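Input: a single structure, listed below in structure tokens.
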Amino acid sequence: MDTHSAPTPEKSDFVRDIVAADLRDGRIGAVVTRFPPEPNGYLHIGHAKSICLNFGIAAEFGGRCHLRFDDTNPVKEEQEYIDSIMEDVRWLGFDWGEHLYYASDYFEQLYEWAVYLIREGKAYVDDLSADEIRTFRGTLTEPGKESPWRTRTVEENLDLFERMRAGEFENGSRVLRAKIDMASGNINFRDPVIYRIVHATHPRTGDAWCIYPSYDFAHGQSDAIEEVTHSICTLEFQDHRPLYDWFIENLPVPSRPHQYEFARLNLTHTVLSKRVLLRLVRDGFVHGWDDPRMPTLSGIRRRGFPAEGMRDFAAMIGVARADSVVEIEMLEHAVRDVLNRTALRRFAVLDPLKVVIENYPDDLVEEMDVTNNPEDEGAGTRKVPFSRELWIERDDFMEDPPKKFFRLAPGREVRLRSAYFVTCTDVIKDADGTVIELRCSYDPDTRGGSAPDGRRPKATLHWLSAAHAVPAEVRLYDHLFTAPFPGSEGRDLFEDLNPDSETVLRHCLVEPALQDAVIGETVQFERLGYFCADPDSSGGVLTFNRTLTLKDSWAKVQAQATG
RNA sequence: UGGGGCGUAGCCAAGCGGCAAGGCAGGGGCCUUUGGAGCCUCCAUUCGUAGGUUCGAAUCCUACCGCCCCAGCCA
């Protein structure tokens, strides 16, 4: 209305601008959007962008968003996918309330509208084969030719269409086409197929139908039935908009929805294509749709990405009409940002190196108080047992440290986080020269991690009491594809798969508190990264997936040194 | 060579005739009981190119260049 009453919108993009204007000008009373997945695969991060857009707009403008399954092709669709999609949308934090719909709910109405079109002389049954139809369609630069069946009488069309429904004909033998314009520059207008014969069992309607409406004939009309006001889809449907409008204008539909298109999400180092994801699963390149390396919502959930991070990411990348590829670092930033604030801190040693504190009592065990999350006072502290024999990370020791290496080395003092300062006094090696144990001394005056004399070691290490450490398996994950643009420059997509996208470490150790790790809850292993207990933990072996590493400036220094 | 779109920093993206937001990445510094986090700071005299209109153009006009989508009985 005016600047006083209008709340400052937190997000703004061209779609929200249109919705706001339509509301302001009274073209609509309330906004109604919909998220319309086809249940032929699992949802991925690209869908999350669309879900956040559609449900986000409905929430921000006080409207509603429907979840509607676009289930018009029974040969590809399965109940498993329907179930997973609902779970994923809920996980992302959205609620469709009562508004769960299926295009298949409208099959009878859609059929009647097809009959309506036939009666109006605007649709006909075509006996041409699929190949012939393709040939007759013309090319991008040449107009098409009209089918010889285009001039059938209304009566004959009605009879044939009824018999198509009755199951008298074989798959592919006939189709129903809208009669529009075989010479149109827009190929979607060259008499698009609106019904095809498919003798297949539909996940919802079973064998009730053997003819199914095409996307073009089902989508807009479904929107109209549900009184969707803003039908938001991706750019590749721009060419379909005139057809979308044609059906809406030529049918007695109950409302007038409008279609708007935005650029779909692309991400570096991965691929967001249902076709390719299906192949990764079917050909065994990954362990399943929910493999933590997959960009599916079930995959990233198992990986430990929080839903809030996904929503933040969606807000961060915006919504526009220019094709774009977002660097995956942006997603990772959104995830780290949430996890830094919320994840409990724990100690875990991935590659253990034994440390013996020679001047520490043999039989003493101290319970050290350790902060659960320095970013969140409310997270409190926990007790972590400390004793004479410890494990530290092998990477945290170097016998001959280079210039910028601040961690443990012979003669050097470092802090064991929330415990004591220790100084390396001796290095023990096996016959091959491999370091197998460090002997250290500790300063009893530094309990808790600070020295009365104010001295401050350059490094702080995480540690585990050897007697109390719990064995665990840890799975390290990295980008699914090594190339930022998989399959670019003529390469085969699968050549770009990262052979090291999954590394399984079976001899890790974690602090006792992690025995109670909740599956699906992401914690930070201090100085290492974020990790999430995997469902496989229920098999007996504690198993963690690395969600993401912490940003690591030492790794950067090393990389620079290496070149 | 048909139709539909899009070009603002390495990436994403605001901007809607009044003098280039913000985020990611990157550089430098401070701080630090996580080499994390945090804080400070630098990073487009220029908006695909060339003309034009205007006191004034990323914004308006013209032409050109580049990229994407469309020839499923997929969605």
Side-chain angles (χ1 to χ4, degrees), chain A residues 12-13 17 36-38 40 70 72-73 75-76 126 128-130 133-135 137-144 171-177 183-190 192-198 211-212 214-216 218-219 233-242 261 263 265 268 274-275 313 315-334 336-337 340-341 345 347 370-371 374-375 404-407 415-419 421 446 448-450 456-462 484 524-529 549-557:
Chain A
S12 173
D13 54 63
D17 289 348
E38 182 190 11
N40 67 343
D70 226 332
T72 57
N73 185 3
V75 310
K76 289 188 176 174
D126 196 341
L128 254 30
S129 69
I133 286 179
R134 187 181 321 118
T135 305
R137 187 150 34 225
T139 68
L140 294 178
T141 53
E142 303 159 64
N171 286 356
S173 58
R174 280 178 239 265
V175 291
L176 185 70
R177 294 229 255 169
S184 176
N186 183 343
I187 288 174
N188 295 301
F189 267 10
R190 322 246 262 229
V193 170
I194 61 177
Y195 262 94
R196 71 279 206 197
I197 299 170
V198 182
I211 57 171
Y212 291 90
S214 62
Y215 164 85
D216 287 306
H219 203 95
C233 62
T234 46
L235 252 26
E236 64 270 27
F237 291 100
Q238 288 177 101
D239 292 346
H240 294 247
R241 191 171 66 235
E261 312 88 14
L265 173 66
T268 57
K274 280 198 201 174
R275 196 198 104 251
F313 171 66
M316 214 181 291
I317 59 176
V319 178
R321 286 174 66 82
D323 286 313
S324 59
V325 184
V326 175
E327 291 174 338
I328 199 157
E329 286 79 3
M330 227 194 275
L331 206 209
E332 295 174 349
H333 173 267
R336 284 194 183 97
D337 201 43
N340 177 49
R341 288 178 352 239
R345 266 94 275 214
F347 288 167
V370 186
T371 306
E375 304 298 316
K404 290 178 182 164
F405 185 87
F406 305 136
R407 283 113 92 148
R415 169 168 40 229
L416 295 182
R417 169 136 235 228
S418 301
F421 291 4
T446 58
S450 56
R456 304 196 323 195
K458 291 211 73 172
T460 300
L461 271 41
H462 58 280
Q524 183 191 107
F525 287 176
E526 287 213 40
R527 304 206 308 130
L528 297 174
T549 61
L550 250 28
K551 288 215 285 187
D552 184 353
S553 53
W554 167 241
K556 203 169 283 180
V557 170

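All values reported here derive from a predicted model rather than from experimental measurement. Note that these values count all heavy atoms, side chains included, but never hydrogens, waters or copies made by symmetry. Residue numbers begin at 1 in each chain, while the letters A, B, ... track the order of the sequences.
- For A/H240, counting side-chain heavy atoms from C-beta on, the closest listed nucleotide (B/C12, B/C73, B/A75) is B/A75.
- With rounding to whole Å, A/L265 atom CG is found 10 Å from B/A13 atom P.
- Going from atom CD of A/E236 over to atom C1' of B/C74 covers 12 Å, rounded to whole Å.
- When the nucleotides B/G26, B/C73, B/C69 are ranked by their closest atom to the side chain of A/D239, B/C69 comes out on top.
- No side-chain N or O of A/R417 forms a donor-acceptor pair with one of A/T460 less than 3.5 Å apart.
- Side chain of A/K556, nearest nucleotide from B/C74, B/G26, B/C16: B/G26.
- Toward the 5′ end of RNA chain B lies the nearest nucleotide of A/S184, the other residue of the pair A/R417 and A/S184 mapping further downstream.
- Between the side chain of A/R527 and the main chain of A/L461, no donor-acceptor pair closer than 3.5 Å is present.
- We find that CD of A/E261 is positioned 10 Å from P of B/C6, with the value rounded to whole Å.
- In this model, no side-chain donor or acceptor of A/D552 finds a partner on the base of B/G35 within 3.5 Å.
- Contact annotation: A/R336 side-chain N/O to B/C24 OP1/OP2 distance is not under 4.0 Å.
- Of the candidates B/C24, B/C73, B/C16, B/C24 carries the atom nearest the A/M330 side chain, counting heavy atoms from C-beta on.
- A/R407 contributes a side-chain N or O that forms a donor-acceptor pair with the base of B/G35 under 3.5 Å.
- If you take atom P in B/C73 and the same atom in B/C16, they sit 44 Å apart, rounded to whole Å.
- Contact annotation: A/T72 side-chain N/O to B/A75 OP1/OP2 distance is under 4.0 Å.
- Among the protein residues, A/R415 comes within range of the nucleic acid bases, having at least one heavy atom under 4.0 Å from a base atom.
- Within 4.0 Å of A/V557, counting heavy atoms only, lies no atom of the nucleic acid at all.
- At least one side-chain nitrogen or oxygen of A/R527 sits closer than 4.0 Å to the OP1 or OP2 atom of B/G35.
- Minimum atom distance to the side chain of A/N186 is reached by B/G3, of the listed B/G10, B/G3, B/C12.
- Comparing the C1' positions of B/U32 and B/C40 gives a spacing of 15 Å, expressed to the nearest Å.
- Nucleotide B/G22 holds its P atom 21 Å from the CZ atom of A/F313, rounded to whole Å.
- Of all the heavy atoms in A/E375 and A/N340, the pair that sits closest is CG-O, 3.4 Å.
- The side chain of A/N73 sits closest to B/C74 out of B/U34, B/C74, B/C16.
- A tilted orientation is assigned to the rings of A/F347 and A/H462, their planes being inclined by 30° to 60°.
- Taking only side-chain nitrogens and oxygens, A/K551 comes nearer than 4.0 Å to OP1 or OP2 of B/A25.
- Within the nucleic acid shown, A/P242 has no heavy atom closer than 4.0 Å to any nucleic acid atom.
- The closest donor-acceptor contact from the side chain of A/S184 to the backbone of A/F189 lies at 3.5 Å or more, if one exists at all.
- Taking atom CD1 on A/I328 and atom C1' on B/C12, their separation rounds to 14 Å, with Å as the unit.
- Counting any heavy atom pair closer than 4.0 Å across all strands shown, A/F237 reaches a base atom.
- Taking atom P on both nucleotides, B/A71 is separated from B/A50 by 36 Å, rounded to a whole Å.
- Taking only side-chain nitrogens and oxygens, A/S324 comes nearer than 4.0 Å to OP1 or OP2 of B/A13.
- Residue A/E327 places its side chain closer to B/C11 than to any other of B/C11, B/G26, B/C70.
- Residue A/I133 is classed as a base contact, given a heavy-atom separation below 4.0 Å to a base.
- Two residues, A/A322 and A/L140, neighbour RNA chain B, and the one matched to the more 5' nucleotide by heavy-atom proximity is A/L140.
- Judged purely by atom type and a 3.5 angstrom limit, A/T268 uses its side chain to pair as donor or acceptor with the backbone of A/I328.
- Separation of the P atoms belonging to B/A44 and B/C68 is 29 Å when rounded to the nearest angstrom.
- Using a 4.0 Å heavy-atom distance criterion, A/G172 is classed as a base contact.
- When heavy atoms are screened at a 4.0 angstrom cut-off, A/E375 is found touching base atoms of the nucleic acid.
- Within 4.0 Å (heavy atoms only), A/D70 reaches sugar-phosphate atoms of the nucleic acid but no base atom.
- B/G72 atom P lies 21 Å from atom NE2 of A/H219, rounded to whole Å.
- When the side-chain nitrogen and oxygen atoms of A/R134 are compared with OP1 and OP2 of B/C73, none of them lie within a distance under 4.0 Å.
- Under 4.0 angstrom from either OP1 or OP2 of B/A75 there lies at least one side-chain N or O belonging to A/R196.
- Stacking is found between A/W554 and the pyrimidine-like six-membered ring of the B/G35 base under the 5.5 Å centre-distance and 30° plane-angle cut-offs.
- Looking at heavy-atom distances under 4.0 Å, A/T139 makes contact with a base.
- Taking the side chain of A/T141 as heavy atoms from C-beta on, and the options B/U32, B/U1, B/A75, the nearest nucleotide is B/U1.
- Between the C1' atoms of B/G36 and B/G22, the separation comes to 24 Å (whole Å).
- Nucleotide B/G38 holds its C1' atom 14 Å from the CG atom of A/L550, rounded to whole Å.
- At the phosphate of B/U32, neither OP1 nor OP2 sits under 4.0 Å from any side-chain N or O atom of A/K458.
- Spacing between B/A25 and B/A13 at atom C1', rounded to whole Å, works out to 14 Å.
- Applying the 3.5 Å distance criterion, the base of B/G10 shares no donor-acceptor pair with the side chain of A/E329.
- OP1 or OP2 of B/C24 lies within a sub-4.0 Å distance of a side-chain N or O belonging to A/H333.
- Applying the 4.0 Å criterion to OP1 and OP2 of B/U34, one finds that A/R345 has every side-chain N and O outside that range.
- Not a single donor-acceptor contact under 3.5 angstrom links the side-chain atoms of A/E526 to the base of B/G36.
- Using atom C1' as the reference point in both B/U8 and B/U45, the two lie 15 Å apart (nearest Å).
- Base contact: A/L128 has a heavy atom under 4.0 Å from a base atom.
- At a threshold of 4.0 angstrom between heavy atoms, the contacts of A/F405 include nucleobase atoms, whether or not backbone atoms are also involved.
- Separating the CG atom of A/D13 from the P atom of B/G22 is a distance of 19 Å, rounded to the nearest angstrom.
- In B/G72 the O4'-C1'-N dihedral to the base is within 90° of 0, which defines a syn nucleotide.
- Not one N or O on the side chain of A/R345 forms a donor-acceptor pair closer than 3.5 Å with the backbone of A/E526.
- Looking at heavy-atom distances under 4.0 Å, A/V175 makes contact with a base.
- Heavy atoms of A/S553 sit under 4.0 angstrom from primed sugar atoms or phosphate atoms, though from no base atom.
- Base engagement by A/S418 is indicated by at least one non-hydrogen atom pair under 4.0 Å involving a base atom.
- Rounded to a whole angstrom, the distance from the C1' atom of B/C64 to that of B/G7 is 14 Å.
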